[in-house]
> 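My structure is below; once you've seen it, I'll send some questions.
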Amino acid sequence: MTIERPGLPGDLPPADVLWARWSLVAVLEATTADEREGHHRTGTWVDDEGLHLDDSGCTWWTFEQRGEGRYVLFGEDESSGIKWHEPPVDMLVGAPDWLPHEWLQDLLKGWQLGCVYWYENGTWARAPYPATLHDDGLDCGMSRFVDRKDLLRTIADEDHGAMPAHDAETLLTHAETRRLTPDLLMSLVNEPDWRELDRPAMTRALERAGLDRTQ
C-alpha cells in the first residue's frame, strides 16, 4: 500500500489498523526514562492523549481517539507544502466539531501544522486541496505504518532486537487483532545490543494502547 503525494484519505488503512501498527512500535520502544520526559519526548510513544511520533527534526505526528469509531491524525513533515502554499489552504474545511479545534488552531497560528485527517463511520477524510499542492507530508510521515512489509522490517530490525521475521509477523498480527498479551510480547522480543528492554514500561504502553482485549 502506497501513499500519494499529496495524500488521499483512501491511502490510509482503517484507523484501528493504523492504531495497532503505530502502537506496537511504541510498545517496543517504551522506557521509563522516556515516560518522564513528558512533552519533550522524541521517538514513538503512547500516552493518555494518544499516539505520537517525533524525530526532533523534520517530522512529528499525533493520532488520537475521539470517541467510539472516531480518530484524528495530524502533524507535519518538512515535505509538506501546505504552510507555504498560495493561496492559503484551510486544513479544517469540512472538519467535524469533535476535532480538537482549539489545539489545531493554536498549531496553525504557530505555523506548526502540515495536514489534518479525520476518521468517522469507517472512512477517512480531509479538507479539499488545490491542484497546485504537490505534497502534504502524509507519505513521508505515515508510510512507515501504512506499508505492512516495511513495518515488519522495522519490528524485526536490530533496534528492536533483531527478531525472526515470523516472530515479527506474530507480534503484528496479534496487535492488529487486539490479542497481544504481555506474556506473548515478552516471549518474542529480544534484547537489543545497545539497550536493555524496559519490560514494565512496555507493559504499561501495551495497556495504554489497548492491544490486549483478551482479559
Side-chain angles (χ1 to χ4, degrees), residues 1 3-27 35 38-41 43-54 59-77 79-83 85 87-130 133 135-146 175-178 180 204-213:
M1 187 172 185
I3 297 179
E4 300 293 330
R5 295 189 179 185
L8 298 170
D11 294 339
L12 292 167
D16 61 331
V17 174
L18 180 61
W19 181 274
R21 295 176 179 180
W22 192 332
S23 294
L24 180 55
V25 177
V27 168
E35 288 176 339
H39 292 291
H40 300 288
R41 290 177 72 169
T44 306
W45 72 95
V46 59
D47 59 21
D48 293 337
E49 295 177 350
L51 288 163
H52 307 273
L53 167 67
D54 192 329
T59 194
W60 73 266
W61 298 84
T62 292
F63 189 25
E64 291 185 352
Q65 297 188 51
R66 304 289 295 181
E68 186 65 31
R70 291 175 171 176
Y71 296 78
V72 59
L73 169 66
F74 57 95
E76 179 183 23
D77 186 90
S79 62
S80 175
I82 284 186
K83 290 195 304 186
H85 191 274
V89 178
D90 186 344
M91 288 177 268
L92 298 178
V93 168
D97 58 9
W98 50 262
L99 263 61
H101 282 272
E102 185 174 346
W103 186 8
L104 294 173
Q105 289 292 349
D106 285 345
L107 291 169
L108 284 168
K109 292 175 184 176
W111 294 83
Q112 300 177 67
L113 195 59
C115 65
V116 182
Y117 286 72
W118 54 89
Y119 185 89
E120 187 175 23
N121 298 322
T123 302
W124 284 102
R126 61 156 169 76
Y129 291 162
L133 178 69
D135 197 349
D136 66 352
L138 187 72
D139 181 26
C140 289
M142 289 292 106
S143 59
R144 71 196 73 196
F145 304 125
V146 169
E176 290 175 337
T177 56
R178 303 304 195 275
L180 183 56
R204 289 192 294 271
L206 182 64
E207 292 172 351
R208 287 191 185 101
L211 296 184
D212 177 18
R213 296 179 182 168

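Reckoned from all heavy atoms, side chains included, excluding hydrogens, waters and symmetry mates. These figures come from a predicted structure and were not determined experimentally.
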> Atom OG of Ser79 and atom CZ of Arg5: how far apart are they, to the nearest 0.5 Å?
6.0 Å
> What verdict does the side chain to side chain contact (heavy atoms under 4.5 Å, CB included) test give for Gln105 and Leu92, after you've listed the backbone C-alpha separation in whole Å, the side-chain angles of each residue and the deciding distance to 0.1 Å?
CA-CA 9 Å; Gln105 289 292 349; Leu92 298 178; 3.4 Å; yes
> Got Met91 and Leu104 here, is their nearest side-chain heavy-atom distance under 4.5 Å?
no
> Compile the donor-acceptor pairs under 3.5 Å between side chains in residues 119-129 and protein atoms, sequence neighbours left out, one pair per line.
from, atom 1, to, atom 2, distance (Å)
Glu120, OE1, Trp98, NE1, 3.1
Glu120, OE2, Arg70, NE, 2.8
Glu120, OE2, Arg70, NH2, 2.9
Glu120, OE2, Trp98, NE1, 3.4
Trp124, NE1, Pro13, O, 2.7
Arg126, NE, Gly7, O, 2.9
Arg126, NE, Tyr117, OH, 3.4
Arg126, NH2, Gly7, O, 2.9
Tyr129, OH, Asp136, OD2, 2.8

> Kindly compute the distance separating CE (Met142) from CG (Leu73), expressed to the nearest 0.5 Å.
5.5 Å
> Listed by chain and number, what are the side-chain hydrogen bond (donor to acceptor under 3.5 Å, both in side chains) partners of Thr44, not counting sequence neighbours?
none
> Minimum heavy-atom separation for Trp118 to Val93, with atom names?
CH2-O, 3.7 Å
> Calculate, to the nearest 0.5 Å, the distance between atoms CG and CG belonging to Leu8 and Leu138 respectively.
9.0 Å
> When rounded to the nearest 0.5 angstrom, what distance separates OG in Ser23 from CD in Glu176?
11.0 Å
> Check whether Asp11 reaches the backbone of Glu4 with its side chain - one donor and one acceptor, N or O, closer than 3.5 Å.
yes
> Indicate yes or no: at least one non-hydrogen side-chain atom of His52 is less than 4.5 angstrom from one of Val46.
no
> Could you check whether any side-chain heavy atom of Val116 comes within less than 4.5 Å of a side-chain heavy atom of Leu99, counting everything from C-beta outward?
yes
> Check the pair Trp19 / Leu51 against side chain to side chain contact (heavy atoms under 4.5 Å, CB included), numbers first and verdict last.
CA-CA 8 Å; Trp19 181 274; Leu51 288 163; 3.5 Å; yes
> Mind checking the CH2-SG spacing from Trp61 to Cys140? Nearest 0.5 Å is all I need.
9.0 Å
> Work out which heavy atom in Val72 is nearest to a heavy atom in Pro100; give both atom names and the distance.
CG1-CD, 4.0 Å
> Quick one: does Lys83's side chain get under 4.5 Å of Glu76's, heavy atoms only?
yes
> Please name all residues satisfying ring pair (Phe, Tyr, Trp, His ring centres under 6.0 Å) with Trp22, sequence neighbours left out, ordered by chain then number.
Phe63, Phe145
> Walk me through whether Glu49 and Arg208 qualify under salt bridge (charged side-chain N to carboxylate O under 4.0 Å, His left out).
CA-CA 10 Å; Glu49 295 177 350; Arg208 287 191 185 101; over 6 Å; no
> Going by the salt bridge (Lys or Arg N to Asp or Glu O under 4.0 Å) test, which pairs reach into residues 97-119, not counting sequence neighbours?
none
> At what distance, to the nearest 0.5 angstrom, does CG of Leu211 lie from CZ of Arg21?
13.0 Å
> Would you please test Arg144 and Thr59 for side chain to side chain contact (heavy atoms under 4.5 Å, CB included) and show each step?
CA-CA 12 Å; Arg144 71 196 73 196; Thr59 194; 4.1 Å; yes
> Using the ring pair (Phe, Tyr, Trp, His ring centres under 6.0 Å) criterion, which residues pair with Trp103? Sequence neighbours excluded.
Phe74
> Considering residues at least two apart in sequence or located in another chain, which fulfil the salt bridge (Lys or Arg N to Asp or Glu O under 4.0 Å) criterion with Glu64?
Arg66
